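Please read the structure below before turning to the comments.
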2 protein chains.
Amino acid sequence: MHLLLVEDDHLVAEGLCRSLRQQGYSVEHSSTVKSAMQWLQNDEIELVVLDLGLPDGDGIDILKHIKKHRKNLPVVILTARGSIDDKVMGLDLGADDYLAKPFDPAELFARLRVASRRLTQAQTSTLKVGDVEMDTAAFTVSFQKEPVNLPRKEFMLLKALLENQGRVQSKQQLENKLYEWGEEVGSNTIEVHIHHLRKKFPKEFIKTLRGIGYVVGKR
Amino acid sequence: MHLLLVEDDHLVAEGLCRSLRQQGYSVEHSSTVKSAMQWLQNDEIELVVLDLGLPDGDGIDILKHIKKHRKNLPVVILTARGSIDDKVMGLDLGADDYLAKPFDPAELFARLRVASRRLTQAQTSTLKVGDVEMDTAAFTVSFQKEPVNLPRKEFMLLKALLENQGRVQSKQQLENKLYEWGEEVGSNTIEVHIHHLRKKFPKEFIKTLRGIGYVVGKR
DNA sequence: GCGAAACTTAAATAAAACTTAAGAAAAATT
DNA sequence: AATTTTTCTTAAGTTTTATTTAAGTTTCGC
């Protein structure tokens with residue numbers, strides 16, 4: 001799990017980095033508002049630990065920025081300021097948690113676990129045509145609820161078909177979807193893959209339109 | 001929004017009830033473990049504020065009960081005990097937040113807003129798939145109740161798999177979870193770690209989807 | 001029935017994953 | 001601080017599986 005630590009005190013930062021890594025996080029560290037903003041461009045950051053007292057700006061701005069652009073990126077605020085107004089402000093701006101210095105690392109870790117647990121929820125993108133269901137995120141396919149195992153190319157081909165239910169696609173079009181641009185295919189791969197797919201699904205599931213192409217689903 | 005306040009000090013309770021209602025919550029109040037448990041039968045309770053020091057039992061038991069029966073009911077713990085161990089314990093059991101007495105009501109309200117804002121379900125810090133159980137807080141793993149000792153990297157890899165039960169993850173995705181940003185991995189570490197994990201669990205526990213990735217659990 | 005297009009099959013080729021083992025790095029112990 | 005132990009990374013060799021190819025066969029529309 002990738003975590004961004006925004007902390008200007010180098011001593012504190014160093015110690016925290018080490019112990020966070022020990023906890024299993026991949027830690028990136030910035031000590032300025034500017035570099036923090038840059039790191040936040042990176043979509044793979046999944047968790048932020050944010051110190052509010054920074055030299056070149058206010059941490060609250062970072063928080064605002066995060067909540068504007070990446071609503072559900074969890075942020076744990078860390079600060080020396082202990083006033084209640086600060087806390088309330090931080091939480092209302094969308095921080096998920098708040099910790100006043102000095103704090104025990106164990107408590108930070110516990111709070112981070114809570115925050116990341118919240119994160120582990122999946123969004124499913126499923127395609128369905130007849131009894132055939134595909135979850136493109138999980139790379140799973142099922143026919144009449146029974147899981148079907150498909151090699152990569154077959155999976156991609158089926159996906160291309162399902163995504164265009166009812167629309168006929170030529171072999172050429174399908175080829176373009178399965179292969180890189182430069183990658184010439186000098187044979188009948190699509191036909192072969194179609195053949196393999198047909199063995200795993202009802203015979204008439206993938207229809208042929210001679211001279212035109214292939215379709216799946218209603219027409 | 002229906003909120004259950006579990007608090008034995010009648011003076012505190014009375015004040016809190018009033019101000020929580022002022023905040024717009026419908027507040028139910030219990031001052032004992034027993035009555036709290038009864039209230040929790042009611043599905044309409046959407047939020048719990050829980051004082052840990054109760055006369056006829058331990059508030060932690062209520063928390064355990066809640067997390068067992070209603071995983072995603074948010075709980076904010078309230079207590080005079082200020083020790084960090086208590087905090088960690090509460091959070092690891094699935095509490096969503098923690099507040100030490102004395103506290104400013106404004107902070108409690110802010111934290112409640114945070115808690116109710118998340119409709120996403122949280123779980124406790126243990127993951128389980130088949131006979132394999134992991135306590136991410138304690139860093140322990142067991143197979144058929146027998147403890148299994150895993151080095152850090154193997155632990156993290158297994159954790160990544162368990163957290164995504166039923167979802168296939170590519171080697172690249174797994175790598176991203178185990179390694180720092182800049183840290184290029186110029187080899188087949190994931191394969192090697194998978195190999196080692198497989199020696200410690202049933203052969204088919206971690207499934208390979210050639211060209212796609214690895215999964216654990218149902219499919 | 002003829003020719004083009006699609007289907008089937010099997011072998012050859014290529015790609016991915018598994019297994020080892022050894023050396024490097026990190027952690028624990030003295 | 002030095003030594004020992006454990007864990008991690010690399011890389012090469014091996015096995016397994018996927019993909020492409022190509023040749024033979026069938027099907028379809030004219």
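No experiment lies behind these values; they were computed from the predicted model shown.
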>> I want to confirm an ordering. Mapping B:E191 and A:P151 to their closest nucleotides on DNA chain D, which one lands closer to the 5' end?
In response: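 Nearest-nucleotide comparison on DNA chain D picks B:E191.
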>> When you measure only distances, ignoring hydrogens and angles, does the side chain of B:R210 come within 3.5 Å of the base of C:dA16 through a donor and an acceptor?
In response: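 For B:R210, whose side chain was compared with the base of C:dA16, there is a donor-acceptor pair (under 3.5 Å).
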> Can you say whether the rings of B:F143 and B:F201 are parallel (under 30°), tilted (30 to 60°) or perpendicular (over 60°)?
Replying inline: perpendicular
In this structure, how many angstroms lie between the [atom2] atom of [N] and the [atom1] atom of [X], rounded?
| X | N | atom1 | atom2 | result |
| --- | --- | --- | --- | --- |
| B:K153 | C:dA27 | NZ | P | 10 Å |
| A:F139 | C:dA16 | CZ | P | 13 Å |
| B:K203 | C:dA17 | NZ | C1' | 11 Å |
| A:I190 | D:dT19 | CD1 | P | 11 Å |
| A:K207 | C:dC7 | NZ | P | 14 Å |
| B:R152 | C:dA25 | CZ | P | 16 Å |
| A:L209 | C:dA6 | CG | P | 10 Å |
| B:Q172 | C:dA16 | CD | P | 13 Å |

> If you measure from CD on B:E7 to CG on B:L78, what distance do you get to the nearest 0.5 Å?
Replying inline: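 Going from CD on B:E7 over to CG on B:L78, the span is 6.5 Å.
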> Quick check: does any side chain N or O of B:K207 sit under 3.5 Å from a backbone N or O of B:G217, one acting as donor and the other as acceptor?
Replying inline: yes
>> Out of the candidates A:H193, A:K200, A:K159, only one should pair with A:E154 under the side chain to side chain donor-acceptor pair (under 3.5 Å) rule; please name it.
In response: A:K200
> Checking all strands, does B:T208 fall into the base, sugar-phosphate, or nothing category for heavy-atom contacts under 4.0 angstrom?
Replying inline: sugar-phosphate
> Hey, which of these two, B:N188 or A:Y214, hits DNA chain C nearer its 5' end, going by closest nucleotide?
Replying inline: A:Y214
Does the side chain of [X] get closer than 4.0 angstrom to OP1 or OP2 of [N] through an N or O atom?
| X | N | result |
| --- | --- | --- |
| B:H195 | C:dC18 | no |
| A:Y179 | D:dT20 | yes |
| A:R198 | C:dC7 | yes |
| B:H196 | C:dC18 | no |

>> Any salt bridge linking B:R111 with B:E107? Criterion: basic side-chain nitrogen under 4.0 Å from a carboxylate oxygen.
In response: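 Yes, charged N to carboxylate O under 4.0 Å.
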